[in-house]
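Bear in mind the structure is a predicted one, so any value in this text is a computation, not a measurement. The chains referred to below are lettered A, B, ... by the order of the sequence lines, with proteins before strands, and numbering in each begins at 1.
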There are 2 protein chains.
Amino acid sequence: MTGVTPPSASEARELVEPVLRDAVARLDPLSARVAAYHLGWTDASGRRTEGGGKALRPALAVLSARAAGGDEERCLPVAAAVELVHAFSLLHDDVMDRDPTRRHRPAAWTVFGESAAILTGDALLALAQELVLDETDPARTRAARSLLTATRRLIAGQGLDLDFERRDDVDLEECRRMSADKTGALLACACSIGAIAAGAPQRLVTALASFGAETGLAFQLVDDLLGIWGSPETTGKPVLSDLRSRKKTLPVVAALTGGTAAGDALAALLATPGPLTETDLREAARLVDEAGGRDWAETEAKHRLDTAERHLARADMPAAVRAEFLDIAHFITSRDH
Amino acid sequence: MTGVTPPSASEARELVEPVLRDAVARLDPLSARVAAYHLGWTDASGRRTEGGGKALRPALAVLSARAAGGDEERCLPVAAAVELVHAFSLLHDDVMDRDPTRRHRPAAWTVFGESAAILTGDALLALAQELVLDETDPARTRAARSLLTATRRLIAGQGLDLDFERRDDVDLEECRRMSADKTGALLACACSIGAIAAGAPQRLVTALASFGAETGLAFQLVDDLLGIWGSPETTGKPVLSDLRSRKKTLPVVAALTGGTAAGDALAALLATPGPLTETDLREAARLVDEAGGRDWAETEAKHRLDTAERHLARADMPAAVRAEFLDIAHFITSRDH
């Protein structure tokens, strides 16, 4: 990710991080060690490091509490819970995808082993719910349910994503649904859970969730483009890694289903048995572009972001909060590619 | 497992199973398919089969609601949630332990793949919380917290169990703690969560949880003995499987740390590099016995069961409910070995 983190995200990160650290300290020693590494707080030998994610999801959760006029302090455990669910999903996804790199470092499963990564993911998922339910309050129960629904959609999306790697008949609508589940659902939850926990009216919650869902789809499109044309320095992943694992990402499926000769050539190339060579991969990327997949994804990302903005416009909130929401939405969908 | 399932368990199973089936129907198609197989409702091709677990944990949860004078019907989602957490842990444990067999059938990961088993476990964990939180009620929040605490202890116990396989200095106290986490915590939760959800006083909840924790330890000891001397027909697992994977179970650790010549010989044998032969495994089992591990575990299991009964005796509840609790406790700790 490039660019300067929006101020509201940096501020939210400072507020949420102590809550996250206290939460991780509740874990059993093995999970605590793996989680601290995975969250970027320590290196493989357990020494403190500077780092960690940008905490954009917690920032969105804090903004959504502010949008509802809720108490920011009380919302922090809920914001931290969203980050824990995100961390859980990355831990497990890397095991399933056999992805050796995460945020420019060896993925946790390559350092601590698969079992430790699975167990730590499980522990983080349970811990996330604990944080939300630390307070006994009907609004917290609703927040917990929202996070659980998002978690199950995220799991469903990852299941479809894996399924798509083995299929050659994925259409664009299925692929969009997969991205909506895998990426949109947790962002929709992040953008609305603070408001839910603050007891906001359903109208505001729905508008915020829709804003998050559309921003999530825009983000996924940008991420898919980076997975093909992003540099390893930007993505923290090996070059062309999505094509290597034959992921049916949105630009790839758009290219495959666009009815062009380049799309047919791409289909034939991806159907080659055995691992794809570097030459194959570069050719595949060129064919996605030629078949219009790149243009389509760029246009679609802009369209999703416009729709997100419209949802945000109809939500009643202080202008400063709205501006910060937009700031983060633009930040996460404008990565250098 | 042998013997006739106690009537209260058969009855509870009939009550809980429809709730479990409705819950599993909420899952995404992949998770629903894997879960139905794992729960024994379908075969690998998705055809309906007769089968499924004995649902002893839900039975205990239903009993605990009755102990507190709670509404049995309202407690069913909570009882089902405990079974889902149990199912989640078995799914993930089999992946981590590379255990190819579960309940006399191929383990889910060998049928659907590791990723599907991981994802389905994740989905079941989230679904369990959903069931508890379907009702907005402070007692349900407390029940959800109890289940989360048990889940995290279960995860911690599995982490220690895996760690112990690689260590040769495990002492009996650590091993007991591991079993208390891995097996005792969820049984303690099963025995008390119905009462918690029914708003029972803390005194009753604590007595029931202690009963469950001690019963859980007795059960684990019996299970450890079966892991060495149980027949595959009884256990549904390959013979001597725990010794094969050098699991530091309670009887093994008792044998290793008893200061006997047989214990030292066992330590030397288990330190042999590479896989153990069938002759090695039989010799290891003989040495556990000679070093007193088998006797110790049998005595300790009886002692734990006695303690469990004492905890139950001080809990105020209808005599019939107490009798059914005891019935299940004896059933799960008297497997044929």
[X], [atom1]: over 12 other non-hydrogen atoms inside 6.0 angstrom:
X: A/R203; atom1: CZ; answer: no
X: B/E73; atom1: CD; answer: no
X: B/R103; atom1: CZ; answer: yes

Practice item. Using non-hydrogen atoms and a 4.5 Å limit, figure out which bit of A/T136 sits close to chain B: side chain, backbone, both or neither. Key: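 For A/T136, the contact with chain B is made by backbone and side chain together.
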Point to revise | Contacting region of A/L154 [heavy-atom separation from chain B under 4.5 Å] | key: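 Interface part for A/L154: neither.
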So for [X], is it side chain, backbone, both, or neither that comes closer than 4.5 Å to the heavy atoms of chain A?
X: B/L30; value: side chain
X: B/R26; value: both
X: B/E114; value: side chain

Review point. Taking only heavy atoms into account, what residues of residues 120-133 of chain A are found under 4.5 Å from chain B?
Key: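 So far as heavy atoms go, A/D122, A/A123, A/L125, A/A126, A/L127, A/Q129, A/E130, A/L133 are the residues that approach chain B to under 4.5 Å.
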Exercise for review: Mind ranking A/L147, A/L27, A/V95 by heavy-atom pairs under 4.5 Å with chain B and telling me who comes out on top?
Suggested key: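 Maximum pair count with chain B is reached by A/L27.
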Exercise for review: Count the heavy-atom pairs under 4.5 Å between each of A/L148, A/L162, A/T141, A/D181 and chain B, then report the option with the highest count.
Suggested key: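 Option with the greatest count: A/L148.
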Practice item. Write out, in numerical order, the residues from residues 241-248 of chain B with a heavy atom short of 4.5 Å from a heavy atom in chain A. Key: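 Near chain A, by residue number: none.
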**Study point:** Side-chain heavy atoms of A/Q158 within contact of B/L119, under 4.5 Å
**Key:**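 The answer is yes; the side chains approach within 4.5 Å.
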Practice item. Give the member of B/R153, B/M96, B/H92, B/R152 that has the highest number of heavy-atom pairs under 4.5 Å with chain A. Key: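 Winner by heavy-atom pair count: B/R152.
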Check your understanding: Which residue out of B/D137, B/D28, B/L160 racks up the most heavy-atom pairs below 4.5 Å with chain A?
Key ->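 Answer, by heavy-atom pair count under 4.5 Å with chain A: B/D28.
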